[in-house]
Amino acid sequence: MAAARTSLGRVLPGSSILFLCDMQERFRHSIVYFPQIVSVAARMLRVARLLQVPALLTEQYPQGLGPTVPELGAEGLQPVSKTCFSMVPTLQRELDSRPQLQSVLLCGIEAQVCILHTTLDLLERGLQVHIVVDACSSRSMDPCPLFLGLAYSQVDRLTALARMRQSGAFLSTSEGLIMQLVRDAAHPKFREMGTLEDFLTPPSLYRSRRSLRSPSRTAGCWASSKARTPFSDESPALT
């Protein structure tokens with residue numbers, strides 16, 4: 001008997017939706033690379049609007065954590081307030097009203113909390129989840145000796161991404177997802193997307209703070225990191 005075929009994770013505008021999770025003022029100074037995360041998410045939102053992909057926005061306890069930051073460019077979206085870590089309970093009605101929905105493109109913070117909880121709930125509903133890895137981050141904390149200079153936030157982030165992939169989510173970049181959505185350079189909106197190239201994937205998300213401070217350590221940093229990141233089968237246990 002032939003093995004069941006794994007889903008290819010195709011992303012099509014007519015069956016996709018963009019989720020924007022909790023990019024709020026109080027997180028501005030506590031989330032690693034917050035400006036870059038918001039810029040990439042803003043790019044996803046602008047492309048979603050060009051391609052008529054719907055977008056939904058949440059805010060975690062806005063009375064205490066403040067509103068969505070203006071640079072996201074989310075004017076016209078009505079933010080949905082929540083206290084639950086997952087976005088799904090507060091967006092249940094919206095999801096139920098879209099029977100054609102197959103794919104959720106997920107941006108925001110924090111990777112190990114609201115992004116992870118949202119992903120698991122969406123997967124449980126039978127939806128494909130595509131994590132925009134260059135638009136997800138976590139808080140800044142002290143260096144973690146277990147991972148040789150990676151900030152705790154990067155351990156949280158990388159472990160959360162690995163956990164989501166283990167559960168069946170797809171990991172991609174904003175560029176990769178946008179090209180999947182448009183599919184063809186002859187698309188009538190393709191030239192308009194070319195004006196978005198100032199929103200580039202921030203390479204700093206894929207380096208440790210130590211490598212950024214010491215340029216000589218950057219070369220080969222990720223070539224030698226396989227054995228110490230949560231994506232490796234030989235990763236050390238987090239004990």
Side-chain angles (χ1 to χ4, degrees), residues 7-24 27 31-34 36-49 51 53-60 68-69 72-74 77 79-82 84-92 94-96 98 100-139 153 156-181 199 201-202 205:
S7 171
L8 295 176
R10 296 284 191 190
V11 177
L12 302 172
S15 58
S16 298
I17 194 168
L18 176 65
F19 274 20
L20 301 165
C21 184
D22 305 349
M23 286 170 275
Q24 296 162 251
F27 293 124
I31 298 295
V32 178
Y33 308 119
F34 186 81
Q36 294 94 326
I37 290 295
V38 174
S39 291
V40 174
R43 181 191 191 195
M44 292 297 299
L45 178 55
R46 291 174 64 181
V47 170
R49 284 169 165 165
L51 298 179
V53 173
L56 297 176
L57 172 70
T58 60
E59 294 176 344
Q60 181 76 11
T68 299
V69 295
L72 182 60
L77 290 183
V80 180
S81 174
K82 67 182 180 69
C84 181
F85 294 140
S86 173
M87 299 172 73
V88 171
T90 57
L91 300 178
Q92 186 83 37
E94 286 280 356
L95 291 172
D96 290 342
R98 302 175 188 273
Q100 80 286 2
L101 185 63
Q102 296 180 13
S103 304
V104 178
L105 318 181
L106 182 53
C107 304
I109 55 179
E110 288 186 74
Q112 79 281 9
V113 188
C114 294
I115 298 298
L116 174 59
H117 283 244
T118 300
T119 295
L120 296 179
D121 280 356
L122 290 170
L123 290 171
E124 196 168 46
R125 289 178 62 99
L127 293 167
Q128 294 181 2
V129 183
H130 297 263
I131 309 299
V132 189
V133 295
D134 48 336
C136 293
S137 191
S138 301
R139 281 168 290 178
S153 59
D156 279 338
R157 176 177 176 273
L158 291 173
T159 305
L161 291 175
R163 171 71 171 83
M164 289 183 276
R165 186 170 68 172
Q166 288 169 343
S167 296
F170 295 96
L171 307 186
S172 191
T173 62
S174 56
E175 184 80 9
L177 285 170
I178 289 168
M179 293 302 107
Q180 283 192 66
L181 287 167
F199 295 104
T201 301
L205 287 175

### With sequence neighbours excluded, residues passing side-chain contact (heavy atoms from CB on, under 4.5 Å) with Thr68
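With sequence neighbours excluded, Thr68 shows a side-chain contact (heavy atoms from CB on, under 4.5 Å) to Leu57, Glu59, Leu72, given in chain and number order.
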Could you check whether any side-chain heavy atom of [X] comes within less than 4.5 Å of a side-chain heavy atom of [Y], counting everything from C-beta outward?
| X | Y | value |
| --- | --- | --- |
| Pro89 | Asp121 | yes |
| Glu94 | Pro54 | no |
| Met164 | Val129 | no |
| Phe34 | Ile109 | yes |
| Arg46 | Arg49 | no |
| Leu91 | Val80 | yes |
| Leu56 | Leu77 | no |
| Glu124 | Val88 | no |

Which heavy atom in [X] sits nearest to a heavy atom in [Y], and how many Å separate them?
| X | Y | result |
| --- | --- | --- |
| Val133 | Leu171 | CG1-CB, 3.9 Å |
| Arg10 | Gln128 | O-OE1, 3.7 Å |
| Val132 | Thr173 | CG1-C, 4.3 Å |
| Leu45 | Gly73 | CD2-O, 3.4 Å |
| Ser137 | Arg157 | CA-CD, 4.0 Å |

### Message
Within the 3.5 Å criterion, strictly below it, is a donor on Ser167 or Arg163 matched to an acceptor on the partner's side chain?
### Response
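Per modelled atom types, Ser167 and Arg163 side chains form a pair under 3.5 Å.
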Let me confirm one number: the [atom1]-[atom2] distance from [X] to [Y], rounded to the nearest 0.5 Å.
| X | Y | atom1 | atom2 | answer |
| --- | --- | --- | --- | --- |
| Leu122 | Met87 | CG | CE | 8.5 Å |
| Thr118 | Leu106 | OG1 | CG | 6.0 Å |
| Leu101 | Asp96 | CG | CG | 10.5 Å |
| His130 | Ser174 | NE2 | OG | 14.5 Å |
| Ile115 | Leu120 | CD1 | CG | 11.5 Å |
| Ile31 | Ser138 | CD1 | OG | 6.5 Å |

Below 3.5 Å, can you tabulate the donor-acceptor pairs from side chains in residues 15-23 to any protein atom, sequence neighbours excluded?
| from | atom 1 | to | atom 2 | distance (Å) |
| --- | --- | --- | --- | --- |
| Ser16 | OG | Leu12 | O | 2.6 |
| Asp22 | OD1 | Thr58 | OG1 | 2.9 |
| Asp22 | OD1 | Gln60 | N | 3.4 |
| Asp22 | OD2 | Lys82 | NZ | 2.8 |

### Message
Check the orientation of Phe85 and His117. Use parallel for under 30°, tilted for 30 to 60°, and perpendicular for over 60°.
### Response
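The arrangement is perpendicular - the two ring planes meet at more than 60°.
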### Query
Who pairs with Phe27 by ring pair (Phe, Tyr, Trp, His ring centres under 6.0 Å), at least two apart in sequence or on another chain?
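Scan of Phe27 (ring pair (Phe, Tyr, Trp, His ring centres under 6.0 Å), adjacent residues dropped) gives none.
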